[in-house]
Amino acid sequence: MPQNEVVEGLDLDQYKYHFITEDEPVFRSGRGLNEKVVREISAQKDEPEWMLNFRLKALEIYNKKPMPTWGGDLSKLESVLDEIYFYVRPQDKMERSWDDVPPNIKETFERLGIPEAEQKVLAGVGAQYESEMVYHSLKEEWEKKGVIFDSIEDGLKNHPELFREHFGTVIPSADNKFSAMNSAVWSGGSFVYIPPGVELDTPLQAYFRVNQEQMGQFERTLIIADEGSKAHYIEGCTAPMYSTESFHSGVIEIVVKPGAHFRYTTIQNWSNNMYNLVTQRAMVHENATMEWLDGNLGSKLTMKYPSCYLVGEGAHGSVLSIAYSGDGQHQDTGGKVIHAAPNTTSQIVSKSISKGTGRSTYRGLCQVHEGSVNSKSNVECDALLINETSRTDTYPYIEIEEKKSNIGHEATVSKVGDEQLFYLMSRGMNEEEAMALIVRGFIEPIAKLLPLEYAVELNRLIELEMEGSVG
Amino acid sequence: MSDSPILSIKDLHAKVADEEIDILHGLDLELGRGELHAVMGPNGSGKSTLAKVLAGHPGYEVTSGEVLFEGEDLLELEVEERAQKGVFLAFQYPVEVPGVSIANFMRTALQARLEEGEEIDLFDFQDELLGKMELLGMDPSFAERSVNDGFSGGEKKRNEILQMAVLKPKLALMDETDSGLDIDALQVVANGVKKLKEEDPDMTVLIITHYQRVLRYIEPDHVHVMIGGRIARSGGPEVALELEAEGYEQYKEEQPAAS
């Protein structure tokens, strides 16, 4: 077969552009993380004393905990952390101009078919998002039902008791080094409360909440789904997210009370200099259901294992994820399910795609505590390798203390084979179109659960990513 | 122009890409537009290699010879260009594409034939697809299944015929489409080909097969016997009947020594 032409495509792996501004912010904390910085953050936010103490204690824990070595390569992270500013006052955040956004990034937005108003938000140039009107009418409807959907800062201010009762209960500061870091310096994120029995048809979308801090580096989100409620929260966007920062460490805590049903969908596409280390966990009570739907694209290294702690009888948890690793990227992702009550069920489905020198790792834990009789869990991880240089590894940890339980695990690795490509190309598709179709088919079982506009964007993104994958 | 063959193969030599020895040893074959040809041969005679070389399989390499499709050098074209110009290969072993429905697959294949910026009309496509399925006696739900994923042998071959119906090739190469089928499935597939041929009498069909039985359902205009990588004999339908009676034994001594 004749040599394939390399298509001059937009390679989303190659974010070498940074936004350049001439003005330096008026106030920044000093570089690196120390007590002064933590006190400054708390003071700026005018927080109650308990929160300041919470932060300071977390800082102590952070300083004591060693850098984890069990996952992705964090050996260069310390020098990154020494250089970053852990807090920039919101009013001092860099004002970027649309004209500063590099043309190729604008072109990527165009090709993804994102309206210009939304493009500006994504590029962090702070324009008003045009759906603000839509948001306001939804907000009124939610308020009538007693739903709280606020920034985390406003949550603490306006609902202090509800906040304090749950904050830090799902993910204690001492859980891991980065949950400790986040607990010390968190800023931005959402606070959500769904009252008992309330069911929301429209998903709560984080980007509706126009807030300067919504895409904070150390976002902290606390969600409480009260008894018998039902809701869906969506965060992120398939479009590339541009940040001058190279470190993101979020903590997402969700409490799903008896009989409630909650789904949390995240799609994130970070620039390839980003360390993305996120702790997401849900405490799932009796007969409640928690579903994580997680899409990770971009970043230099992502370590993220959404978890469900099934603590009530009959609780169900599922973690469905898609990871895409391009050249030089490592997605170390998966899920954790802890069965700590009888008759609990769970499911982990993880699909990863590695292209070029990209590497995907599935890392998962399924734990069944003694006494969690009749628990059932099914873990399935499928990896797709696009090129010979792509890599995938699987680390499924299974710890079972209860004999009367049923745990299944299945892992597959497939390569896009010559025969498969030839089949599609013999129908008239070129190699890139064929590759994109194979990849779309591979993630289809999870992509079909996404809201339509996200699924469409994800498909377009995959087409763009497959450009230049051959040749 | 209409008298010139749609496909003309001259002295074709070809081999598996990373091997030394040719499988095709100077094959000559001409197909007139709208004709139905059968190439028959025992295992190892190079039948499937011929089909794959014509479709442009990357695992095979042409060492010498010429193939003209409508007067154009076919061997110079990419796999997808051959398909877009009207060459279709019905696979002996169709490949699974999990998560991609037949409808989506066909739509993508048709979309690939359009110019940049042109979009396929989804309603027209739907009508076309359902129409072809009706013609071939298939249930509409078939189009929603993932391509060949968990299909029986018969379903895979029917899917090939459906694709052929939707893509409307000028030249259909059928690589052992009859292999592994029971009589019922064979009849369905053969009837499908006949119907498509009735719809488009200009479509040229090359059936590649080991056995004569498929030719009971689709009568060829010309039958060629392939032995040792070249055509050993050409004739009418009677050649197939002869083969059925006498087998490939009679051609054994004519096989060239491997060199």
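Below, all heavy atoms of this structure are taken into account, side chains as well, without hydrogens, waters or symmetry copies. Model, not experiment: these values are computed from the prediction.
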- Message: Can you pull out every ring-ring contact (aromatic ring centres under 6.0 Å, His included) where at least one residue sits in residues 70-118 of chain B? Sequence neighbours excluded, please.
- Response: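 Applying ring-ring contact (aromatic ring centres under 6.0 Å, His included) to every pair that reaches into residues 70-118 of chain B, excluding sequence neighbours, yields Phe422(A)-Phe91(B), Tyr423(A)-Phe91(B), Tyr423(A)-Phe105(B).
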- Heavy-atom pair of closest approach, residues Ser426(A) and Ala83(B): O-CB, 3.2 Å
[X] side, atom [atom1]; [Y] side, atom [atom2] - distance, nearest 0.5 Å:
{"X": "Met425(A)", "Y": "Glu78(B)", "atom1": "CE", "atom2": "CD", "result": "6.5 Å"}
{"X": "Leu89(B)", "Y": "Arg427(A)", "atom1": "CG", "atom2": "CZ", "result": "6.5 Å"}
{"X": "Leu437(A)", "Y": "Arg107(B)", "atom1": "CG", "atom2": "CZ", "result": "9.0 Å"}

- Query: So which residues of residues 116-146 of chain B are in contact with chain A at a heavy-atom cut-off of under 4.5 Å?
  - Reply: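 Checking residues 116-146 of chain B against chain A gives no residue, so none.
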- Task: Report, by ascending residue number, the residues of residues 156-172 of chain B in heavy-atom contact with chain A at a distance under 4.5 Å; give 'none' if the set is empty.
- Result: Asn159(B), Glu160(B), Gln163(B), Leu167(B)
- Contacting moiety of Glu419(A), where chain B heavy atoms sit under 4.5 Å: both
- Query: Of the backbone (N, CA, C, O) and the side chain (C-beta and beyond), which part of Gln111(B) lies under 4.5 Å from a heavy atom of chain A, both, or neither?
  - Reply: neither
- Part of Val147(B) within contact of chain A (heavy atom distance under 4.5 Å): side chain
- Item | NZ/Lys376(A): more than 12 non-hydrogen atoms of other groups inside 6.0 Å | no
- Message: Applying salt bridge (Lys or Arg N to Asp or Glu O under 4.0 Å), can you list everything that pairs with Arg391(A), at least two apart in sequence or on another chain?
- Response: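 Partners of Arg391(A) by the salt bridge (Lys or Arg N to Asp or Glu O under 4.0 Å) criterion, ordered by chain and then number, come out as Asp393(A).
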- Trace of the side chain to side chain contact (heavy atoms under 4.5 Å, CB included) decision for Met429(A) with Glu80(B): CA-CA 6 Å; Met429(A) 299 168 216; Glu80(B) 68 271 25; 5.8 Å; no
- Leu421(A) versus Val79(B): any side-chain heavy-atom pair under 4.5 Å? no
- Query: Would Arg440(A) and Asn104(B) count as a side chain to side chain contact (heavy atoms under 4.5 Å, CB included) if you check the C-alpha gap in whole Å, the side-chain angles of each, and the deciding distance to 0.1 Å?
  - Reply: CA-CA 11 Å; Arg440(A) 272 158 45 185; Asn104(B) 186 3; 4.1 Å; yes
